[in-house]
Amino acid sequence: MRYWLMKSEPDEFSIDMLAKKKVEAWNGVRNYQARNFMRDMKVGDGVLFYHSSCDVPGVVGIAEISAEAYPDPTQFDARSDYYDAASKREEPRWSMVDVTFKRKLARTIPLTELKDRDELADFVLTRRGNRLSVLPVTKREWDFILGLE
DNA sequence: GCCAACGTTGGC
DNA sequence: GCCAACGTTGGC
């Protein structure tokens, strides 16, 4: 079992929306590195749900992978913001996974707090200049972050 | 709203 | 294959 962190802007899709919907198809990822991480995901993998571009960016909940990578249909939809004219149906360029709600954290664990911790010095999220929306988390980091709750 | 840090695009 | 220009992400 592996662990991941997935970012979402709460104005677009928040942890409360996931709590209500239970399952969300994680479409719209258009970054190769993030896509490749999604292709590595297995059913049951843990996900830290992260709110970005908001008042208090940080980890807000836990989810798990409930469907492994399959083609993201929005890449073929000319009316979608995520349309990619260069992607072929025989060889889809973009993938998505299904994410299922587990629980909301008792409090938001803010990015500022994660940055302060020596234990997270190598954490991909807090490395300089990182903009990945999907990224790996080690078990050590997972346990440590949830220990801050 | 600003801007640093990236990734992508396209001319050459 | 290089690299300048451009677009995007996301914290502040």
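Here is how names work: the chains are called A, B, and so on, in the same order as the sequence lines, proteins then strands, and each is numbered from 1.
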**Fill in**
From CG of A/Leu5 across to C1' of C/dT9 the rounded distance in Å is 15 Å
**Fill in**
Those residues at least two apart in sequence (or on a different chain) that pass side chain to side chain contact (heavy atoms under 4.5 Å, CB included) with A/Thr138 are A/Arg140, A/Glu141
**Test applied, side-chain contact (heavy atoms from CB on, under 4.5 Å); reference residue, A/Val59; option that passes from A/Val137, A/Leu114, A/Thr108** = A/Leu114
**Request:** Starting from P on C/dG11, measure out to CD on A/Glu113 and report it in whole angstrom.
**Result:** 15 Å
**Asked** Quick one: A/Leu111 CG to C/dT9 P, roughly how many Å, whole number?
**Response** 18 Å
**Point-to-point distance, once rounded to the nearest 0.5 Å, from CZ of A/Phe101 to CZ of A/Arg103** = 9.0 Å
**Request:** Sugar-phosphate means primed atoms, P, OP1 and OP2; the rest is base. With that split, encode nucleotides 3-8 of chain B 5' to 3' as B, S or - using protein heavy atoms under 4.0 Å.
**Result:** --BBSS
**Asked** Of the residues in residues 46-59 of chain A, which ones touch DNA chain C at a heavy-atom distance under 4.0 Å?
**Response** A/Tyr50, A/Ser52, A/Ser53, A/Pro57
**Message:** Distance check needed: C/dT9 P versus A/Leu132 CG, whole Å only.
**Reply:** 12 Å
**Message:** Any donor-acceptor pair under 3.5 Å linking the side-chain atoms of A/Arg131 with those of A/Ser52?
**Reply:** no
**Prompt:** In the hydrophobic clustering (ILVMFWY, side-chain contacts below 4.5 Å, transitive), which residues join A/Met96, or is it alone?
**Reply:** A/Tyr70
**Prompt:** Same cluster for A/Met17 and A/Met6 if Ile/Leu/Val/Met/Phe/Trp/Tyr side chains link at under 4.5 Å?
**Reply:** yes
**Item:** Under-4.0 Å side-chain N/O to phosphate OP1/OP2 contact, A/Lys7 with C/dG10
**Value:** yes
**Request:** Each residue besides A/Trp94 in its hydrophobic cluster should be listed here, by chain and number; the cluster joins Ile, Leu, Val, Met, Phe, Trp and Tyr at side-chain heavy-atom distances under 4.5 Å.
**Result:** A/Tyr32
**Request:** Please list all pairs passing the ring pair (Phe, Tyr, Trp, His ring centres under 6.0 Å) test where one or both residues lie in residues 124-149 of chain A, with sequence neighbours left out.
**Result:** A/Tyr3-A/Trp142
